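Single-structure report; data block below.
A quick note: this is a predicted structure, and the numbers were derived from the prediction, not measured. Heavy-atom basis, side chains included; hydrogens, waters and symmetry copies ignored.
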Amino acid sequence: MENITLAPNFTNSCFYDENKKIRFDPPVYEQRYWTIIHLLELDYWKDSFKKIVEFGCAEMKFFRLLRTLPAVEKILEVFISFSNCL
């Protein structure tokens with residue numbers, strides 16, 4: 001497993017915005033999504049995952065990427081909105 005290398009299709013950068021807050025381009029969540037998709041597309045795992053659970057799916061952006069994986073048969077998205085729990 002230590003031989004796995006990823007060649008992402010993006011170059012990332014980190015910078016401070018005008019409010020001196022750290023920002024990433026592309027955003028970190030996008031970098032994470034694409035890294036996971038690249039890993040799941042590797043021949044080593046390509047047909048291994050039939051079911052995937054994502055916790056914290058929010059806007060379901062990652063779900064749209066997961067649907068592109070041909071071997072995946074079921075996807076479970078879990079999101080808890082604390083505002084609805086009060």
Side-chain angles (χ1 to χ4, degrees):
M1 192 152 8
E2 60 273 351
N3 296 331
I4 295 174
T5 57
L6 292 176
N9 294 331
F10 58 82
T11 57
N12 54 12
S13 65
C14 177
F15 61 93
Y16 288 97
D17 66 10
E18 60 279 352
N19 297 321
K20 296 186 180 179
K21 291 187 177 183
I22 195 165
R23 300 288 182 211
F24 297 89
D25 184 34
V28 173
Y29 75 90
E30 287 183 18
Q31 294 179 42
R32 182 176 64 246
Y33 291 173
W34 285 110
T35 300
I36 293 169
I37 291 296
H38 286 308
L39 283 170
L40 293 175
E41 288 176 335
L42 291 174
D43 287 337
Y44 185 81
W45 286 300
K46 192 160 104 177
D47 298 320
S48 300
F49 292 94
K50 302 291 182 199
K51 300 175 186 177
I52 296 177
V53 177
E54 179 193 7
F55 290 92
C57 55
E59 299 171 356
M60 296 186 66
K61 292 180 180 180
F62 190 49
F63 172 76
R64 291 189 283 266
L65 294 173
L66 290 173
R67 286 187 350 190
T68 65
L69 299 172
V72 176
E73 297 170 0
K74 294 186 181 196
I75 302 170
L76 175 63
E77 299 284 318
V78 179
F79 184 77
I80 298 173
S81 174
F82 290 108
S83 62
N84 293 336
C85 296
L86 299 176

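For Lys50, the NZ atom counts as densely surrounded, since its 6.0 Å shell holds more than 12 non-hydrogen atoms of other residues, nucleotides or ligands.
Taking Tyr33 as the reference, Tyr29, Phe62 meet the ring pair (Phe, Tyr, Trp, His ring centres under 6.0 Å) condition, with sequence neighbours excluded. Partners of Asn19 by side chain to side chain donor-acceptor pair (under 3.5 Å), not counting sequence neighbours: none found. Evaluation of the side chain to side chain contact (heavy atoms under 4.5 Å, CB included) rule for Lys74 yields Lys51 as partners, not counting sequence neighbours. For Ile75, the side chain to side chain contact (heavy atoms under 4.5 Å, CB included) criterion is met by Phe63, Leu66, Arg67, Val72, Glu77, not counting sequence neighbours.
In this structure, CD1 in Ile52 is found 11.0 Å from CD in Glu73, a value given to the nearest 0.5 Å. The distance from atom CG of Leu42 to atom CD1 of Ile37, rounded to the nearest 0.5 Å, is 11.5 Å. Considering OG1 of Thr68 and CD of Glu41, their distance stands at 6.0 Å, rounded to 0.5 Å.
Minimum interatomic distance between Gln31 and Pro26 (heavy atoms only, all atoms of both residues): NE2-O, 2.7 Å.
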Applying side-chain contact (heavy atoms from CB on, under 4.5 Å) to Tyr44 and Leu39, what does each step give before you reach the verdict? CA-CA 9 Å; Tyr44 185 81; Leu39 283 170; over 6 Å; no
Begin from the C-alpha positions of Leu40 and Phe49 and carry the test side-chain contact (heavy atoms from CB on, under 4.5 Å) through to its verdict. CA-CA 8 Å; Leu40 293 175; Phe49 292 94; 3.4 Å; yes
Stepwise side-chain contact (heavy atoms from CB on, under 4.5 Å) test for His38 and Thr35: CA-CA 5 Å; His38 286 308; Thr35 300; 5.7 Å; no
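In this structure, Ile22 shares a hydrophobic cluster with Tyr16, Phe24, Val28, the cluster being traced through Ile, Leu, Val, Met, Phe, Trp and Tyr side chains under 4.5 angstrom apart.
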